[in-house]
Amino acid sequence: MTKPNLAVDLNGLKLQNPVTTASGTFGFGPEYRNYVDLNRLGGVMVKGTTLNPKLGNPTPRIAETPAGMLNAIGLQNPGVDHFLARILPLIKDYNFKTIVNISGNTVEDYAKLANKLNVEGVDALEINISCPNVKKGGLAFGTQPEMAASVVEAVRAETDMSLITKLSPNVADITSIARAVEEAGTDVISLINTLLGMKIDIHNQEPILANKMGGLSGPAIKPVAVRMVYQVAQAVEVPLIGMGGISNADDAIEFLLAGASAISVGTANFVNPEVTMEILDGIEEYLVEKGYEDINEIVGKAIK
Amino acid sequence: MTKPNLAVDLNGLKLQNPVTTASGTFGFGPEYRNYVDLNRLGGVMVKGTTLNPKLGNPTPRIAETPAGMLNAIGLQNPGVDHFLARILPLIKDYNFKTIVNISGNTVEDYAKLANKLNVEGVDALEINISCPNVKKGGLAFGTQPEMAASVVEAVRAETDMSLITKLSPNVADITSIARAVEEAGTDVISLINTLLGMKIDIHNQEPILANKMGGLSGPAIKPVAVRMVYQVAQAVEVPLIGMGGISNADDAIEFLLAGASAISVGTANFVNPEVTMEILDGIEEYLVEKGYEDINEIVGKAIK
Amino acid sequence: MSKRVIAKVISQEEISPRHFKMVIDAPEVAKEAKIGQFIHLKWVAKLNEHDPLLRRPISLNEIDQEAGTITIIYRAIGRGTQLLATLKAGDQVDLMGPIGMGFSIPEDTNKFVVVGGGMGIAPLYPVVKKLVELNKEVTVLIGAENKGQLLNLADYEEMDVELKASTVDGSYGYQGFVTEFLDDTLIDADYIYTCGPEVMMEVVQNWVIANDIKGEASLEERMGCGTGACLSCVCKIKVRNESGWDYKKTCIQGPVFPLNEVIFDD
Amino acid sequence: MSKRVIAKVISQEEISPRHFKMVIDAPEVAKEAKIGQFIHLKWVAKLNEHDPLLRRPISLNEIDQEAGTITIIYRAIGRGTQLLATLKAGDQVDLMGPIGMGFSIPEDTNKFVVVGGGMGIAPLYPVVKKLVELNKEVTVLIGAENKGQLLNLADYEEMDVELKASTVDGSYGYQGFVTEFLDDTLIDADYIYTCGPEVMMEVVQNWVIANDIKGEASLEERMGCGTGACLSCVCKIKVRNESGWDYKKTCIQGPVFPLNEVIFDD
Ligand SMILES: Cc1cc2nc3c(=O)[nH]c(=O)nc-3n(C[C@H](O)[C@H](O)[C@H](O)COP(=O)(O)OP(=O)(O)OC[C@H]3O[C@@H](n4cnc5c(N)ncnc54)[C@H](O)[C@@H]3O)c2cc1C
Ligand SMILES: Cc1cc2nc3c(=O)[nH]c(=O)nc-3n(C[C@H](O)[C@H](O)[C@H](O)COP(=O)(O)OP(=O)(O)OC[C@H]3O[C@@H](n4cnc5c(N)ncnc54)[C@H](O)[C@@H]3O)c2cc1C
Ligand SMILES: Cc1cc2nc3c(=O)[nH]c(=O)nc-3n(C[C@H](O)[C@H](O)[C@H](O)COP(=O)(O)O)c2cc1C
Ligand SMILES: Cc1cc2nc3c(=O)[nH]c(=O)nc-3n(C[C@H](O)[C@H](O)[C@H](O)COP(=O)(O)O)c2cc1C
Ligand code: FES
Ligand code: FES
């Protein structure tokens with residue numbers, strides 16, 4: 001039996017396979033070099049990057065919840081300049097696509113980031129629109145179609161690079177946001193970011209996270225993520241990168257069948273540092289067993 | 001040590017204790033009589049009731065997910081007339097408050113239901129605004145403040161009974177819906193209903209639920225529910241009934257600390273049919289251990 | 001009356017690859033259990049870990065009231081049954097039971113046929129035992145993938161029943177499907193019990209209707225509560241109303257229903 | 001180099017109520033492990049059940065390179081450690097390790113003091129062992145709730161160290177807090193190692209600063225990845241920059257940091 005094709009073309013962004021790692025959960029990649037053959041990954045979404053270095057939130061920054069976890073890291077990162085000068089050189093020669101996840105407080109922040117990151121070695125930008133827009137009173141860019149679109153347009157104006165827009169699940173109608181960012185020129189949509197959640201310590205009677213609220217990720221949110229991928233796949237033409245609770249090959253295949261052309265693994269890296277390799281092997285096995293020659297044959301197959 | 005007071009007064013609706021059972025998960029009550037001393041419950045939210053009998057969705061109607069489950073029962077119920085004639089007489093003499101969860105396709109449906117249920121033996125109505133409004137293109141009443149308010153106003157006009165409005169979590173800003181239903185005259189707010197989710201069978205490559213999508217409940221959603229209770233408690237004056245993933249006394253206490261005056265237990269009844277009794281005992285133990293004389297002392301304690 | 005008990009595993013044995021037989025010490029359940037009923041169980045005594053979340057419904061394969069034990073036979077396929085399969089003697093399970101309306105044995109009836117396919121053989125063994133106790137004439141037709149999956153085969157071989165078995169791989173008995181025995185003109189019957197895949201039960205139903213006899217079928221649906229509260233387990237049963245059918249709860253109104261009244265179309 | 005291994009439990013023992021000692025067969029980890037490092041572990045070999053989800057960081061209490069084993073001592077408090085406590089010899093765990101920057105032993109230094117409180121005693125035992133091997137002068141100060149929780153007490157009693165122990169309930173040694181020994185004028189030291197509750201380490205830090213000596217502290221923070229990727233485990237460490245401090249990753253840049261540089265204020 002010949003090996004099935006695993007390469008996917010996300011509207012011009014070519015990945016050797018559909019397995020990528022979710023922003024904020026895999027560092028810049030090398031953190032996992034003891035556990036993973038980094039050269040086998042399709043893409044790495046690096047830690048959320050901002051214009052200036054950010055210290056992030058006080059600790060505790062994480063809390064465990066049923067089949068999930070909350071995080072409120074607060075976008076700690078060394079800033080885009082440090083990324084370009086010190087980190088990009090270390091990762092740009094790997095086979096994976098380097099995708100920089102960008103975050104800003106204003107539309108201009110995003111535009112500036114895109115401008116700075118318009119360099120060789122960066123293969124795509126992932127626009128994180130889950131950040132609260134400080135100018136508009138803290139409501140996240142990702143919760144209103146017009147705001148989401150304005151960010152994408154501003155970034156689009158700065159670069160011809162592949163643009164991936166990452167949607168927040170904390171909305172009533174994910175398809176309207178998806179359509180808005182598609183019209184605004186995104187090449188790819190990735191989803192989902194974390195659900196807003198909270199955990200209270202009943203002994204000291206206060207929230208566990210120093211930041212009180214945090215983002216819920218992990219297996220717990222998978223049904224919400226699959227549903228949103230399934231809905232968005234039917235609402236837009238651009239390819240999708242699905243994520244949210246993927247912990248093994250079966251989960252990854254679920255997202256592909258729901259309409260994602262590629263997938264990202266987040267929290268599961270913490271539980272099983274080798275999980276991306278297992279997922280890659282598992283997807284291949286599934287294709288072979290079912291007699292598919294090309295991964296693209298199963299994308300969206302569950303949509304009827 | 002004297003027993004702490006467990007009674008709560010929800011804006012006029014007096015429960016002997018804060019432990020109630022969530023609509024759709026406890027039948028009409030007697031289904032659990034082998035496992036639970038029904039007279040010890042604070043309240044029972046009976047299965048979602050509609051004007052006419054409903055057959056509900058085809059099967060499979062449930063699917064298991066990580067620390068949760070999806071359901072798409074489709075509001076199967078015998079209709080309000082059958083409820084009044086055949087079921088209410090069987091349950092009205094228990095010590096628990098009988099709270100009828102009502103659902104409609106139009107605002108008028110809700111009003112008619114309220115009118116019919118304005119009888120002795122029904123202690124309160126729980127308005128389920130998660131149903132899609134067929135007239136307005138299927139968008140759930142609960143996702144837009146004005147639509148939610150219009151339902152509550154219509155019901156308010158029909159009855160002086162205690163009104164509990166049950167919020168859907170599938171929104172970007174739960175506080176705006178909460179404020180809208182408070183202004184429209186609800187006495188109590190209960191939250192959360194289920195998160196919309198989906199699961200795909202990777203072998204036959206289609207959604208497991210016959211209805212494709214369903215409502216996610218169980219421990220998985222608890223962090224989202226706690227967060228929403230915490231937010232809404234700070235946004236409105238009316239008392240809250242918190243629910244979503246409560247599986248033991250610690251979980252129940254978490255919701256009380258987050259600002260709920262009472263709690264509902266849903267999915268956990270399926271896992272442990274005796275869980276409501278364990279929660280009741282556990283809450284009392286907690287109060288005794290920490291030296292509280294009244295349950296109301298801990299409501300909202302985690303809000304700073 | 002169904003109750004919740006924390007019960008001890010007396011023994012667990014892999015009787016065939018991925019097929020397990022577990023004996024559980026549960027006198028309160030054994031005492032009340034009737035043939036055709038099931039238990040709703042979880043593989044832990046503490047309910048602190050929430051994944052996998054739900055209980056699993058499993059039929060009673062043996063009820064020993066004197067010993068105070070119940071026996072189940074199950075296939076470890078998904079995450080829950082695989083965890084159940086890791087238990088050893090002395091471990092505890094949390095179970096609700098006995099649940100449901102079991103099989104009934106009509107009086108003044110003498111010739112019985114029992115048709116079981118795959119895991120559907122499991123709930124039928126107690127009926128056969130009972131029928132034999134009552135000195136009825138019993139024909140047992142069972143079919144499975146292979147010999148190992150012909151549950152209770154050795155038990156049936158020692159009983160005073162007419163036994164016909166089929167396997168898909170031909171490792172025992174007739175190579176083919178169990179329903180093919182029905183065409184056999186030698187089989188006559190007054191009453192039939194069946195459990196197995198829906199396609200199989202449909203064939204049995206057609207045969208029963210064609211031959212104008214009656215019988216009972218034990219159905220499987222995904223279950224939430226096991227108490228009749230959640231309405232997840234419903235099946236379509238013929239009734240005299242406008243549409244000609246209504247949803248019944250497989251957990252407490254079943255899992256056994258009159259075979260002629262079941263509508264197989266989901 | 002840290003790796004992931006599925007390893008077998010050799011033994012598990014409840015050494016005191018809710019306190020467990022587990023010996024694990026993990027030659028690859030033992031070979032590379034250094035004092036002060038930890039493992040990040042899960043109580044199952046299959047990662048199919050998702051609740052509780054995350055690994056748990058636990059310090060190495062003994063490293064036996066010849067036997068290829070590592071030993072941990074932990075308290076079963078929450079859901080994860082309680083599940084860990086159910087394991088028996090022969091069961092498997094899934095672990096990542098060895099992780100982190102361990103303790104360093106400065107050359108040309110002779111008098112060492114080790115101050116451990118509660119579970120913080122656990123990671124200190126390998127340091128003491130090493131110091132004794134190197135023929136250093138060692139004073140061991142340990143404090144806990146009660147005698148049973150004075151971890152490695154019997155080991156220390158047999159070693160060539162000056163041992164002072166305190167318990168809150170007075171069941172062994174001095175009744176009070178371990179830090180009270182520090183006021184004791186008899187204790188002089190060149191270097192100190194400490195691990196325990198933050199309040200305790202702060203007292204030790206103040207003492208160290210007052211006496212102008214140096215030392216190292218092993219910190220605890222909630223951990224996600226254990227690889228340096230998630231930034232959940234950061235702690236405040238003094239550095240020469242504008243604000244005077246920066247967040248460092250406790251998992252891979254710690255858990256051991258120079259005592260004087262730690263900022264205790266979370
Ligand atoms: C009344 C009744 C009696 C049964 N008796 C037996 C028996 O004696 N022996 C036996 O091996 N099996 C029996 N089954 C089927 C058994 O319940 C399923 O095989 C089991 O629930 C699958 O769980 P899992 O963890 O292996 O699968 P998973 O795929 O992890 O299960 C996920 C969810 O789907 C449900 N589910 C999956 N398959 C089935 C199914 N076939 N029927 C009902 N629910 C299902 C599970 O209960 C669970 O809620 C019976 C089912 C019913 C309804
Ligand atoms: C580097 C390091 C070494 C450690 N060494 C030991 C040791 O040798 N022996 C020992 O008994 N304990 C040790 N701990 C603490 C141990 O990790 C926690 O007690 C354990 O994680 C609690 O898990 P749980 O399941 O009991 O609690 P839960 O409350 O269920 O844990 C929930 C979440 O919070 C985290 N958490 C809870 N308490 C702590 C804590 N004190 N520190 C870090 N994370 C926590 C858990 O890891 C988990 O993610 C160490 C911690 C660190 C960071
Ligand atoms: C610790 C942590 C940090 C994260 N940081 C970021 C980030 O910087 N930018 C971003 O877009 N998403 C971030 N995420 C969200 C993930 O990329 C992912 O969308 C989400 O966790 C859902 O996937 P999962 O369930 O597989 O983790 C973070 C998630 C976690 C758990
Ligand atoms: C099987 C099932 C049926 C439900 N039916 C209803 C319903 O009829 N009306 C309603 O308002 N909520 C219904 N719900 C939602 C629950 O009342 C509750 O809001 C939700 O499940 C969250 O709580 P839990 O996580 O404790 O189950 C149903 C939930 C389940 C699981
Ligand atoms: S399983 Fe809940 S009604 Fe049957
Ligand atoms: S635990 Fe993830 S960076 Fe330290």
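The sequence lines fix the lettering, A, B, ..., with proteins before strands; numbering per chain opens at 1.
Interatomic distance, Ser232(D) OG to Leu70(A) CG, rounded to the nearest 0.5 Å: 12.5 Å.
Residue contact with chain D, scored on non-hydrogen atoms closer than 4.5 Å, involves the backbone and the side chain of Leu55(A) alike. Contact annotation for Leu75(A): neither backbone nor side-chain heavy atoms come within less than 4.5 Å of a heavy atom of chain D. Heavy-atom distances place the side chain of Tyr32(A), and not its backbone, under 4.5 Å from chain D.
The closest donor-acceptor contact from the side chain of Asn34(A) to the backbone of Ser2(D) lies under 3.5 Å.
Shown here for Gly27(A) and Ala229(D), the closest heavy-atom pair between the two residues is N-CB, 3.3 Å. When all heavy atoms of Leu231(D) and Arg61(A) are compared, the closest pair comes out as O-NH1, 2.7 Å.
Among the residues in residues 77-88 of chain A, none has a non-hydrogen atom closer than 4.5 angstrom to a non-hydrogen atom of chain D. Identified by a heavy-atom distance below 4.5 Å to chain A, the contributing residues of residues 52-63 of chain D are Pro52(D), Leu53(D), Leu54(D), Arg55(D), Arg56(D), in residue-number order. Residues of residues 263-286 of chain A lying under 4.5 angstrom from chain D, judged on non-hydrogen atoms, are Thr267(A), Phe270(A), Val271(A), Asn272(A), Pro273(A), Glu274(A), Glu278(A) by number.
Comparing Gly29(A), Ala63(A), Gly68(A) by heavy-atom pairs within less than 4.5 Å of chain D, the highest count is held by Gly68(A).
At a cut-off of 3.5 Å, with distance as the only test, no side-chain donor of Tyr247(D) or Thr59(A) sits close to an acceptor on the other residue.
For the salt bridge (Lys or Arg N to Asp or Glu O under 4.0 Å) condition, no pair includes a residue of residues 42-54 of chain A, sequence neighbours left out.
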